[in-house]
Amino acid sequence: MGKTLFVLLGPTGVGKTERSLQIAELLGTPILNADSRQLFRDLPIGTAAPTAEQQARVKHHFVGTLGLEDYYSAAQYEVEVLQQLEEEFAHRDHALLTGGSMLYIDAVCKGIDDIPTISDAVRTTLKARYETEGHDRLAQELQLVDPDYYAIADLRNPKRIVHALEVYYESGRPYSSFRTAMHRQRPFHIVKIGLNRPRPELFERINSRVTQMVAEGLVEEAQRVLPFRHCNSLNTVGYKEMFRYLNGEWTLEFAMEKIRRNTRVYAKKQLTWFAHDEAIHWFHPDAEQEILDFVASCATTST
RNA sequence: GGUACCUUGACCGAGCGGUUAGGUAGCGGUCUGCAAAACCGUGUACGGCGGUUCGAAUCCGCCAGGUACCU
């Protein structure tokens with residue numbers, strides 16, 4: 001008997017939430033969230049997290065489980081979701097993962113290489129060294145320490161260089177030695193359902209959603225988390241702009257316009273990523289019955 | 001009515017006789033441990049009409065629009 005994981009994905013603001021609830025109800029499963037920012041509690045409005053009512057309707061996992069200062073990664077997510085899936089599949093044939101965080105979805109579907117977790121000490125040391133010694137010095141160091149990765153790395157991207165060095169200093173082994181590019185086989189089927197709509201339509205929804213978020217109290221929410229503004233969890237569209245407003249640098253109107261733009265940019269990046277995945281079955285979010293029929297047909301053939 | 005200053009690509013913005021300014025957005029792309037992150041590629045525009053010049057976004061004249069001050 002085959003187990004099937006349904007993955008509902010799509011750009012931010014496309015309209016995943018309502019469909020995910022319906023699919024969950026159809027399958028009788030909880031929802032495993034695949035949105036890297038909805039993982040954090042205290043950010044319900046700006047991340048458009050499922051509401052209390054929605055969570056009462058369908059049980060959600062991986063929503064609001066992290067504190068703003070917590071360290072988290074796609075690899076941890078992979079481990080935790082796979083654990084949860086094991087539990088789900090123990091008494092059900094289906095599971096549902098929904099969200100738009102591309103790397104997180106890939107981590108669950110394809111796996112991520114086993115790379116040592118970086119200790120705080122190494123992380124802060126490298127961060128400081130990047131600032132004091134500069135980009136070029138660290139890039140040169142990477143060339144010495146890990147010529148293989150240096151040859152293929154995006155050398156202009158600080159995150160890539162710093163991380164490769166972090167891994168080296170953490171483990172004593174070059175970063176490239178951990179990279180296998182191997183897709184892991186999962187003990188279940190995966191059916192990916194993508195939601196998308198014409199870009200003008202998507203952008204229109206994003207624009208008005210920002211207005212709505214502010215009406216629902218985004219400013220107050222940002223005010224509340226302001227003390228944590230330097231945490232990675234708040235290097236997030238919707239918050240970084242509001243902090244500029246709260247700091248008196250921008251007007252509210254300007255900050256909102258920035259949020260709209262940055263959200264649009266994010267949506268485009270998501271679509272670029274998803275475009276490579278030929279396994280995705282695409283639907284317009286309004287094609288409600290079609291989507292549910294598709295899920296139902298996959299559900300019956302897979303069991 | 002007069003005087004002065006301004007007018008650059010979707011937007012912001014440099015340029016002061018002869019090189020692609022640059023930034024943001026847009027469009028396209030990268031991505032295996034902070035990913036709603038980080039990074040990369042991509043645009044010959046100078047309000048209109050004349051003139052000066054080998055050559056004008058850059059100088060001159062007129063016109064249009066704008067801003068400031070004056071009567």
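Predicted, not measured: the structure shown is a model, and the values here were computed from it. Labels below follow one simple rule: chain letters A, B, ... track the order of the sequence lines, proteins then strands, and each chain is numbered from 1.
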Problem - Length of the CZ-C1' vector between A:R156 and B:U30, whole Å - result: 13 Å
Exercise for the section: Verify the contact: side-chain N or O of A:H276 to OP1 or OP2 of B:U30, cut-off strictly under 4.0 Å; return yes or no. Expected result: yes
Handout entry: A:R37 to A:Y239 six-membered ring, cation-pi geometry met (6.0 Å, 45°)
Key = no
Exercise for the section: Could you tell me whether the side chain of A:T117 has a donor or acceptor atom within less than 3.5 Å of a complementary atom in the base of B:G33? Expected result: yes
Problem - A:R37 side chain near B:C34 phosphate (N/O to OP1/OP2, under 4.0 Å) - result: no
Completion exercise
Rounded to whole Å, CZ of A:R123 lies from C1' of B:G33 at a distance of 9 Å
Exercise for the section: Indicate whether OP1 or OP2 belonging to B:U32 is found under 4.0 Å from a side-chain N or O atom of A:R160. Expected result: yes
Exercise for the section: Examine B:A35: is either OP1 or OP2 under 4.0 Å from a nitrogen or oxygen in the side chain of A:Y72? Give yes or no. Expected result: no
Handout entry: A:Y245 and A:E241 side chains, donor-acceptor separation under 3.5 Å
Key = no
Problem - Pair partner, B:G33 [Watson-Crick or wobble, under 3.5 Å] - result: none
Practice task
Please determine if a side-chain N or O atom of A:R184 lies less than 4.0 Å away from the OP1 or OP2 oxygen of B:U32.
Solution key: no
Handout entry: Value in whole Å for how far the C1' atom of B:A37 lies from CG of A:L68
Key = 16 Å
Handout entry: Short side-chain N/O contact to B:A37 OP1/OP2 from A:K269, under 4.0 Å
Key = yes
Handout entry: Base partner of B:G18, which must satisfy Watson-Crick or wobble distances under 3.5 Å
Key = B:C54
Practice task
May I ask you to evaluate whether A:Y104 reaches the phosphate of B:A35, defined as a side-chain N or O under 4.0 Å from OP1 or OP2?
Solution key: yes
Completion exercise
To the nearest angstrom, the CG-P distance between A:L103 and B:C34 comes to 8 Å
Practice task
Please state the C1' separation for the pair B:G55 and B:C40 - nearest whole angstrom.
Solution key: 37 Å
Handout entry: Short side-chain N/O contact to B:A37 OP1/OP2 from A:K240, under 4.0 Å
Key = yes
Exercise for the section: Between B:C46 and B:A57, how far apart are the C1' atoms? Round to whole Å, please. Expected result: 5 Å
Handout entry: Complement of B:G65, any strand, by Watson-Crick or G-U distances under 3.5 angstrom
Key = B:C6
Problem - Pairwise P distance for B:G15 and B:U7, with rounding to whole Å - result: 11 Å
Exercise for the section: For B:C27 versus B:U32, give the span between their C1' atoms, rounded off to a whole number of Å. Expected result: 27 Å
Exercise for the section: Taking the six-membered ring for Trp and the full ring for Phe, Tyr or His, determine whether the centres of A:F62 and A:Y77 are under 6.0 Å apart. Expected result: yes
Problem - Nearest-angstrom distance, P atom, B:G17 to B:A56 - result: 14 Å
Problem - Salt-bridge contact A:R186-A:E78 (side-chain N to carboxylate O under 4.0 Å) - result: yes
Exercise for the section: Sticking with atom P, work out how far B:G47 lies from B:C39, rounded to a whole angstrom. Expected result: 35 Å
Fill in the blank from the handout: From CG of A:N157 across to P of B:G41 the rounded distance in Å is 12 Å
Handout entry: Basic-acidic side-chain contact under 4.0 Å: A:K3, A:E88
Key = no
Handout entry: Separation of the C1' atoms in B:G43 and B:U20, to the nearest angstrom
Key = 11 Å
Fill in the blank from the handout: Sorted by position of nearest nucleotide on RNA chain B, 5' first, the leading residue of A:G238 and A:D154 is A:G238
